[in-house]
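This is a predicted model, so every value here is computed, not measured. Counting starts at 1 for both ligands and their atoms, following the listed order.
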Amino acid sequence: MTELVLDRSAALYERACAVLPGGVNSPVRAFRAVGGGPLFYREAAGARFTDADGNSYLDYVMSWGPLILGHAHPAVVAAVRAAAGRGLSYGAPCAAEVELAERVVASYPGCEMVRFVSSGTEAVMSAIRLARGATGRPRVLKFDGCYHGHVDSLLVKAGSGLATFATPNSAGVPAALAELTVVVPLDDDAALERAFAAHGAELAAAIVEPVPANAGLLVQRRDFLQHLADLARRAGTLLIFDEVISGFRLGPGGAAAHYGITPDLATFGKVIGGGMPVGAYGGRRDLMEQVSPLGAVYQAGTLSGNPVAMAAGLATLDALAAEDGWRRLDALGARLEAGVRAVLAGRPVPVGFVRLGSLFWLAMQPGEPPRRFDAVACEGAPRYAALHRALLERGVYLAPSAFEVGFLSLAHTAADVDATVGALETALAEAIR
Ligand SMILES: *Cc1c(COP(=O)(O)O)cnc(C)c1O
């Protein structure tokens, strides 16, 4: 194995660190969790990218989920080019936003109206404001291990001791704001019941990633999600599914269709923007009609629904449907799973594999996949760092953190997946003993 040369990435990183905090515009990109500096992308197409030094890799990060068709999919690039030629942003209505809204409404259970924003964070922040406005209640329930963007009131952790309300998980989040959030563990019916018994009447919303995919892949029991939906309904609390990752990835109806559970509101991002900055929140008409200008819940955005981003989203959803995308993605995921399981079966390493559709996670722990965050083994992180490096040297780019999931795209082929399994086998032998 020749040593990976990353001189240009290293030089760019040095320049970046002088002018960008940590050299990046989003923290996980800095490679702190795996060591070494980040790779700078030079260009990307399909399932592969080339770094600044000319090394080529199979990409399993795929911009953290949006690129479900692969990098620079010809139909998406053509749609973006055509839209850009007609104007980048209007700050006024255009047909493309109506079309994408119609697509979301036709696809997602219980979604009757939708509002576009420019990121997943913005979608979640707005959905929570709407829930508070619609119910007149102050508090929100979230689950430990679910990420909902960097919304102030959700950057929190469970309070210690007997405290039931959350404490800030980031400097800059006022304790007074964190106290409006109640944090409960995933997969714990009794804790959920206690939280609703104590705070149900004050809870505007309960928000969950129905497929928690930001702290490993913590696949939930359907019963638990149903229990949450039932408790929320009884308490008059709105159920928000944060489908920023799972929406249009598990299928056109996201996790709601997968589990057969319809939330009051849902948030989207990532896939619906096809690689452009798009988020959305939507749900029941009587709720969405409370958003300005119809209702009293204010929310606005200069670039919201801009024609280029809408074109990318529409082209992405069109191609997914036309190419039988969701079935093919699941088949690809199943192939990867079978290959990785065979490798792990032949080797007594403390590594597990979790998959749902085209999302996968190499868990640095054997045995039953964890369903709650405090069951995720943090001590596996150094092992992951070694594995990550060994895979990079074999041209396979996994997320630079043990807690991030992998994303398959339609650009990944069966041969790519098989090659990845082969690379993993040698990387495991080298990195984990
Ligand atoms: C990525 C993500 C967000 C935040 O989206 P941004 O576009 O990064 O602001 C919110 N919720 C979930 C579940 C996500 O995965």
Check: Got a sec, which residues hit side-chain contact (heavy atoms from CB on, under 4.5 Å) with A127, two or more places apart in sequence or on another chain?
Finding: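 side-chain contact (heavy atoms from CB on, under 4.5 Å) list for A127, sorted by chain: I240, T267, Y281.
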Check: Can you name the side-chain contact (heavy atoms from CB on, under 4.5 Å) partners of P185, sequence neighbours left out?
Finding: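 Partners of P185 under the side-chain contact (heavy atoms from CB on, under 4.5 Å) test: D188, A191, R372.
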Next item on the list: Show the protein residues that qualify under the rule heavy atom under 4.0 Å from an atom of ligand 1, listing them in chain and number order.
Entry: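 Contacts of ligand 1 under 4.0 Å: S119, G120, T121, Y147, H148, G149, E209, N214, D242, V244, I245, K270.
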Notebook entry, point to check: ring pair (Phe, Tyr, Trp, His ring centres under 6.0 Å) with H199: which residues, sequence neighbours excluded?
Noted result: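 For H199 the ring pair (Phe, Tyr, Trp, His ring centres under 6.0 Å) partners, ignoring immediate neighbours, are F165.
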Item checked: Euclidean distance, D187 CG relative to D374 CG, rounded to 0.5 Å ->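 The CG atom of D374 sits 10.0 Å away from the CG atom of D187.
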Note to self: Between R327 and D330, does any side-chain N to carboxylate O distance fall below 4.0 Å?
What the structure shows: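 Looking at R327 and D330, the cut-off is not met.
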Check: Do the ring planes of Y57 and F49 sit parallel (below 30°), tilted (30 to 60°) or perpendicular (above 60°)?
Finding: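 The rings of Y57 and F49 lie parallel, inter-plane angle below 30°.
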